[in-house]
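Below: the structure, in structure tokens.
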Amino acid sequence: MNSQISFTEEQSMLLDTAMDFCSKNSPINLVRSRTEEAQSLPSDLWLSIVELGWTGIAVPESHGGLGLSVADLVPVVEAMGRNLMASPLVWSAISANTLQLAGSEAQKSAWLSKIANGAIATMALIEPDGSWQLSEPLCNGTMKENTISLSGTKCFVQDAAFAEIVLVSILLENQPRLVLLERSAIPEHALQREVVIDETRRCYRLTLDGITVTPDQVLPETCFVEIEQTAMLLLSAEIAGGHASTLNLIVEYLKTRKQFDQYIGSYQALKHPTVDVLLGLEATRSHLYHAATVYDTGTPLEKETSLRMLKAVASEGFAFAGDRAIQFHGGFGFTYECDAQLFLRRAIFCQHQFGDETHQRAYLADTLIDN
Amino acid sequence: MSVSEQELDQFRVEVSAWLRENNPGDPGFLLPESFMEVGTDEQFEYLRDWQRKVYDAGYLGMSWPEEYGGGGKPQVFQDIVSQEMARQRVPFMTNTIGLNWAGPLILQQGTEEDKKKYIKGILNADDIWCQGFSEPDHGSDLGNAQVKAVKDGDDYIINGSKIWTSLGSYAKYMILLARTSNEGPSKYAGLSFFLAPMKTEGIDPQPIKKLTSEYGFCQTFFNDARIPANSIMGREGEGWQVAMATLMFERGNVGGQAGGLSMMDINVNDVLELARRSKRNGKPALEDPLIRDQMVQFLIEAKSNVLMGARTKIPALNTERPTAIAMSGKLRGSELKRRFCQFAMSLQGANGGRFISPEAVDGGKWQRIYFNSFSATIGGGTTQVQYNIMGERVLGLPKS
Ligand SMILES: Cc1cc2nc3c(=O)[nH]c(=O)nc-3n(C[C@H](O)[C@H](O)[C@H](O)COP(=O)(O)OP(=O)(O)OC[C@H]3O[C@@H](n4cnc5c(N)ncnc54)[C@H](O)[C@@H]3O)c2cc1C
């Protein structure tokens, strides 16, 4: 199977720009203070992101975007992950990609250029049972005289309170479908902030009961496979960034903290697992840029395999890094003040979205062993 | 010199055909799994003949300078040969120490005379090389090596013993790290490096039986052995630097090797193939979810190693710790192999407890490979020492 990694000069420049932008605009003290705010990211910073063109990367040129692929967002999202910057970018991009693949011409014309220009879009896919099977929603739509009444509950809807549209997965006449909900169609009380382990994120519970839509709000096609794949890719990019910073955090402490008159980094019980954290990072970044390459050029099987391997390796590696970061900071590691918790929280959140490592490996077993 | 894709494709076809025609095939006796396990004369002769044949066909040392016996071509040709060799599973090159560490070292640091004298014999396997670094009391702590070398006229007189000398009984030359002085600012400063002729009175390699019950390495005794003074490489007291340069070649941290395989290729796909025909309590082993998960973990890990190799070719994706992937290659590869061999045995039910015999699964191959896999987790610097090196040199952590 293909083991290619391609990384163009443009992508390399984008990575540099993004690293620069995110480290300037998301220092750890601001990451912390932003957890107290209503929005995950201040509006002016979101505007700067829009000005940089990142919201238009995956939007076709005909709709005012750059006409690149979602995979071209990988360097940007990796840089955001590095600096624990939370933003609506990822879900806006996945929403745009979904509209592009499955939406009607009218839906595309109405929303794609707006998203490219910074309108926040998000998706409601997950339900209270926590299932990762995107194409098996339990939320329902009942059609009666040209009106579809929705019912059920969605959760983990990111940045929903600030989104102009939410794409919701439902079961309509026993088929999994996507519907486009505009902000105005969502009553105030239908959205409730959820407590999630990663405090940089804003997740909402969306109660669909009482909300109605018209048939032209249903997307004519579905693309659950692509949604899952883009989510795995971009989440893993975020993970790779977070993993790298966790390693730096550990190394810094091991080089400065002394016990028994020695830097604790001289103890092999700490040094060797830290090398494992490094090796995990090297593996994740290699899978990441391979999967990003294959995302646009590979066969469906290569795409599926590379993304699941990526999500498995990335999830496991970052969770290990975060876990060791706590332990290697000793009592300080147990505090809220120590930054290690920020990374561990991020790691656990990302690990459990869109399939953890055992879930991914079970799928991989089917493709790698049974075929 | 740039080479066209077309030229390379054509070359690959040519090598591939040559290998198919010339693969020496099953010799009818058990072959060693790597150059560290050559234990009988028939194994040795078979492997030496094979290396000669490959060299005569122009497929070894392809990137080494023509004037000394190499091919004078871009490295990519040799890489293609090595890939095709792995794919067709032809035998490995027995003179690995010469080809992949002493040879590149001589080309890098040797005198013109050294190059003329040694390179050709390394390539055509006339001159087998061994490595005299480790000692009974100093292995990981190589800098503490105590074998003595005392200058006497045109000679150095060597006393003491080296151990775990792979190919010791077949070697014509040894790269030898010995102590010329106990003075100096550190233990390292008194070391010197020699290209020592093995067929010398007072040098006596004694074979040691390995854990597989086969032979493959020696303890080499030096008893007032006189070697020519001009066999020193570099100056007196510079031995440590030369030894470190050697280890960079040995661990594959840098390029310049003559190429070819140095061990029998065995990989996760072989384990998958074994798993497909294995049963667990009467049912196909691959129906067991835990076995499936374990198998997939190995497949992913092997893929990670391949992809890391691919990523090293893109500098923009290796800016922070550019040596991390190359420096960890031996560690990652050898540990993966050791663990997948354990898994391969676990697929065998009660037969996991057999050893080389007709009743054993695949003749006991997996048990033997498992045992031999430690050659790479111990030799060339143990896994634990590699972890120290990674922690200290790549991450900048304080020394242990
Ligand atoms: C098959 C085989 C072939 C070999 N061929 C050659 C050869 O041709 N020429 C040659 O010169 N040598 C050869 N060697 C020797 C090899 O390089 C040494 O065995 C190796 O460097 C370890 O040294 P040692 O055996 O003295 O073990 P020791 O150094 O005594 O190590 C014992 C244990 O302690 C651990 N340890 C030691 N120091 C540290 C540390 N600082 N931190 C953490 N753990 C530590 C080691 O990892 C190991 O687990 C060969 C070895 C093998 C197994």
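Quick caveat, the model's predicted, so the values are computed rather than measured. When reading the values below, keep in mind they use all heavy atoms of this one structure, side chains included, and skip hydrogens, waters and symmetry mates. Numbers restart at 1 for each chain; the letters A, B, ... are given by sequence-line order, proteins then strands.
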Problem set entry | Under 4.5 Å from any heavy atom of chain A - which part of B:Met390 | both
Exercise. Can you check whether A:Lys271 reaches B:Glu392 side chain to side chain, under 4.5 Å on heavy atoms?
Worked result: yes
Exercise. Hey, does B:Leu307 have a side-chain heavy atom less than 4.5 Å from the side chain of A:Tyr289?
Worked result: no
For this session: Under the salt bridge (Lys or Arg N to Asp or Glu O under 4.0 Å) rule, what do B:Arg276 and A:Asp370 come out as? Steps first, then yes or no, please.
Result: CA-CA 10 Å; B:Arg276 287 191 198 289; A:Asp370 299 338; 5.9 Å; no
Exercise. In terms of heavy-atom pairs under 4.5 Å with chain B, which of A:Thr358, A:Leu15, A:Asp276 leads?
Worked result: A:Asp276
Problem set entry | Segment of A:Asp16 engaging chain B (4.5 angstrom heavy-atom cut-off) | neither
Exercise. Which one, A:Phe7, A:Tyr263, A:Tyr267, leads in non-hydrogen pairs under 4.5 Å with chain B?
Worked result: A:Phe7
Exercise. Pick from B:Gln384, B:Arg321, B:Met295: which one has the most heavy-atom pairs with chain A under 4.5 Å?
Worked result: B:Arg321
Exercise. Side chains of A:Thr305 and B:Lys303: donor-acceptor distance under 3.5 Å anywhere?
Worked result: no
Exercise. Are B:Leu395 and A:Leu247 side-chain neighbours, meaning at least one heavy-atom pair lies under 4.5 Å?
Worked result: yes
Exercise. Checking heavy atoms, do the side chain of B:Gln297, its backbone, both or neither come under 4.5 Å from chain A?
Worked result: both
For this session: With the side chain counted from C-beta on, respond yes when A:Gln262 and B:Pro398 share a heavy-atom pair under 4.5 Å apart, and no when they do not.
Result: no
Exercise. Given that the side chain runs from C-beta out, which part of B:Ile314 has a heavy atom under 4.5 Å from chain A: side chain, backbone, both or neither?
Worked result: side chain
Seminar exercise, completed: Under 4.5 Å to a heavy atom of chain B? For A:Asp366 that would be both
Exercise. Mind checking whether B:Leu299 and A:Leu364 have side chains closer than 4.5 Å, heavy atoms only?
Worked result: no
For this session: Rounded to the nearest 0.5 Å, what's the gap from OG on A:Ser3 to CG on B:Asn305? Could you check?
Result: 11.0 Å
Exercise. Run the side-chain contact (heavy atoms from CB on, under 4.5 Å) check on A:Leu279 and B:Leu331 step by step: do they pass?
Worked result: CA-CA 10 Å; A:Leu279 296 179; B:Leu331 159 66; 4.1 Å; yes
For this session: Sort A:Val313 into side chain, backbone, both or neither according to what part of it lies under 4.5 angstrom from a heavy atom of chain B.
Result: side chain
Seminar exercise, completed: In this structure, CD of A:Gln360 is separated from CD1 of B:Ile300 (nearest 0.5 Å) by 9.0 Å
Exercise. Under a 4.5 Å heavy-atom cut-off, does chain B meet the side chain of A:Ile369, its backbone, both or neither?
Worked result: both
Problem set entry | Closest-packed option against chain B by number of heavy-atom pairs under 4.5 Å, given A:Thr274, A:Leu278, A:Leu368 | A:Leu278
Problem set entry | Structural part of A:Ala244 lying under 4.5 Å from a heavy atom of chain B | neither
Exercise. Taking every heavy-atom pair that is under 4.5 Å apart, which of A:Ser6, A:Ala362, A:Ala365 has the most such pairs with chain B?
Worked result: A:Ala365
Exercise. Among B:Gly396, B:Ser328, B:Pro289, which has the most heavy-atom pairs under 4.5 Å with chain A?
Worked result: B:Gly396
Exercise. Side chains of B:Ser304 and A:His287: closer than 4.5 Å at any heavy-atom pair?
Worked result: yes
Exercise. For the side chain to side chain contact (heavy atoms under 4.5 Å, CB included) test, which of B:Met308, B:Lys313, B:Arg311 pairs with A:Ile5?
Worked result: B:Arg311
Problem set entry | A:Gln4 atom CD, neighbour heavy-atom count above 12 within 6.0 Å | no
For this session: Tell me, yes or no, whether the heavy-atom count around A:Asp129 atom CG, taken from other residues, nucleotides or ligands under 6.0 Å, exceeds 12.
Result: yes
Exercise. What are the two closest heavy atoms between A:Arg285 and B:Leu317, and how far apart are they?
Worked result: NH1-O, 3.2 Å
Exercise. Taking side chain as C-beta onward, heavy atoms only, is A:His272 less than 4.5 Å from B:Thr383?
Worked result: no
Exercise. Is atom CD of B:Gln10 surrounded by more than 12 heavy atoms (other residues, nucleotides or ligands) closer than 6.0 Å?
Worked result: no
Problem set entry | B:Glu273, CD: over 12 other non-hydrogen atoms inside 6.0 angstrom | yes
For this session: Would you check if A:Ser266 and B:Leu397 make a side-chain contact, meaning some heavy-atom pair closer than 4.5 Å?
Result: no
For this session: Select, from B:Asn388, B:Val394, B:Leu272, the one with the greatest count of heavy-atom pairs under 4.5 Å involving chain A.
Result: B:Asn388
